[in-house]
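Written out below as structure tokens is the structure these notes cover.
Here is how names work: the chains are called A, B, and so on, in the same order as the sequence lines, proteins then strands, and each is numbered from 1.
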2 protein chains.
Amino acid sequence: MFRFDLSPSSPTPIYRQIVDQVARAVASGSLQAGDELPSVRAVAQQHVVNPMTVSKAYALLEQQGTIERRRGLGMIVRAGEASALDERLALLQPALDHAAAVSRQLAITPKQAMAALKLTLELPNKVNLDE
Amino acid sequence: MFRFDLSPSSPTPIYRQIVDQVARAVASGSLQAGDELPSVRAVAQQHVVNPMTVSKAYALLEQQGTIERRRGLGMIVRAGEASALDERLALLQPALDHAAAVSRQLAITPKQAMAALKLTLELPNKVNLDE
DNA sequence: CAGACTGTATTACAGTAGTAGTACAGTAGA
DNA sequence: TCTACTGTACTACTACTGTAATACAGTCTG
């Protein structure tokens with residue numbers, strides 16, 4: 001069962017985080033057509049958010065054709081295949097653009113920024129706050 | 001004269017972007033005590049935002065002791081010295097954490113993500129959207 | 001059928017961010 | 001003094017995000 005990683009302190013709204021994470025999971029192949037997503041109530045309870053917030057995200061995803069909402073049954077993924085690497089990289093690009101802009105603003109050299117990212121990427125056990 | 005790089009499409013509120021960018025510029029030494037910041041009206045006009053939004057950011061910065069607001073004269077930086085590298089890296093860390101989380105969600109390997117960041121960092125002429 | 005789950009609808013509210021427009025007060029220079 | 005800049009105050013508004021509580025409708029299982 002898919003697991004969301006929601007960060008209330010992020011400037012990105014909760015519902016947006018849900019939508020983005022499902023989109024990414026589909027792009028990466030973690031989620032495939034036919035997979036089930038956790039129920040509105042389960043997500044709301046687990047992440048201590050209002051069910052309507054989760055429902056709003058799922059409504060958007062349904063609108064995009066990514067999932068199908070089934071009253072009484074829950075959500076099912078409808079999207080097709082995982083994306084190629086270049087498409088996935090395009091989805092990563094905004095985050096990289098931001099990190100690059102911030103490092104420039106901080107007068108951090110590319111080399112230093114790269115070293116820091118390398119550490120961040122290689123510490124999967126570290127609790128990373130998403131978004 | 002300091003130049004802001006504001007992105008209306010970012011989830012980060014405009015006033016927050018202003019505050020963050022001044023903080024980063026001070027940390028990097030780009031802005032030093034005694035430097036002047038552009039006026040509320042100039043920033044508002046240039047970036048097509050309401051002057052009160054800019055004023056709000058400046059008010060926060062004054063509250064933090066980073067700047068001094070002078071009616072009729074404009075803003076002056078009051079903060080002290082640039083930060084050491086490790087402090088600057090700490091300011092970059094949230095952006096790296098996010099990029100790392102997104103790359104994981106997209107099943108992009110560390111090597112691929114690093115290569116993409118390298119390209120992003122080395123294209124200063126590219127129009128990077130901040131935040 | 002009852003119970004336990006599923007998603008939805010509804011209403012009203014609160015907080016945050018941002019806005020428009022106007023006027024006031026302060027500063028500096030001609 | 002006038003002009004052109006400076007920041008602020010104020011009011012009311014809009015848009016967005018998220019919430020609480022409740023009840024309804026749908027599905028499945030024992």
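DNA chain C is contacted by B:R41 of residues 31-45 of chain B, taking any non-hydrogen atom closer than 4.0 Å.
Remark: P of D:dT8 and CG of B:L61 are 12 Å apart, rounded to the nearest angstrom. In this entry the distance linking CZ of B:R69 with C1' of C:dT27 reads 17 Å, nearest Å. Straight-line distance from the CE atom of A:M75 to the P atom of C:dC5: 17 Å, rounded to whole Å. One atom, CD1 of B:I14, and another, P of D:dC16, lie 15 Å apart when rounded to the nearest Å. As a whole-Å value, the separation of B:I76 CD1 from C:dT27 P is 14 Å. In this structure, B:I18 places its CD1 atom 13 Å from P of C:dA17, rounding to the nearest Å. Look at CD1 on B:I67: it is 15 Å from P on D:dT6, rounded to the nearest Å. With rounding to whole Å, A:R70 atom CZ is found 13 Å from C:dC5 atom C1'.
Summary of helix geometry: the two end axes of the helix from C:dC1-D:dG30 to C:dA30-D:dT1, each defined by five base pairs via their C1' atoms, are inclined to each other by 10° (rounded to 10°).
Counting any heavy atom pair closer than 4.0 Å across all strands shown, A:M52 reaches a base atom.
A:E62 pairs in a salt bridge (charged side-chain N to carboxylate O under 4.0 Å, His left out) with only one of the listed residues (A:R69, A:R78, A:R71), which is A:R69.
A:N50 has a side-chain polar atom (N or O) that falls below the 4.0 Å cut-off from OP1 or OP2 of D:dA20. For A:Y15 and D:dT17, the shortest distance from a side-chain N or O to OP1 or OP2 is below 4.0 Å. OP1 or OP2 of D:dT8 lies within a sub-4.0 Å distance of a side-chain N or O belonging to B:S55. For the OP1/OP2 pair of C:dA17 and a distance below 4.0 Å, the side-chain nitrogens and oxygens of B:K56 include at least one atom meeting the criterion.
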For nucleotides 26-30 of chain D, give me every protein contact, N/O to N/O, under 3.5 Å, one pair per line with atom names.
residue: D:dG26; atom: N2; partner: A:G72; partner atom: O; Å: 3.4

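The closest donor-acceptor contact from the side chain of A:S103 to the backbone of A:A100 lies under 3.5 Å.
In terms of heavy-atom proximity, A:S28 sits nearest to A:A25 at OG-O, 3.1 Å. B:T12 and B:Q17 get closest at one heavy-atom pair: O-NE2, 2.8 Å. When all heavy atoms of B:V19 and B:A57 are compared, the closest pair comes out as CG2-O, 3.6 Å. Closest approach of A:P8 to A:I14, counting heavy atoms only: CA-CD1, 4.0 Å.
No more than 12 heavy atoms of other residues, nucleotides or ligands lie within 6.0 Å of CD in A:Q45, so this atom counts as exposed by the packing criterion.
Taking the side chain as every heavy atom from C-beta outward, B:T66 and B:L31 never approach each other to under 4.5 Å. Residues A:E36 and A:R70 meet the side-chain proximity criterion, which asks for heavy atoms closer than 4.5 Å. Counting heavy atoms from C-beta on, the side chains of B:D97 and A:T120 come closer than 4.5 Å. Between A:R88 and A:R24, the closest side-chain pair of non-hydrogen atoms is not below 4.5 Å.
When distances are taken from the side chain of A:T53 to each of C:dG7, C:dG18, D:dG18, the shortest belongs to D:dG18.
Under the 30°/60° scheme for interplanar angles, the aromatic rings of B:H47 and B:F4 are found to stand perpendicular.
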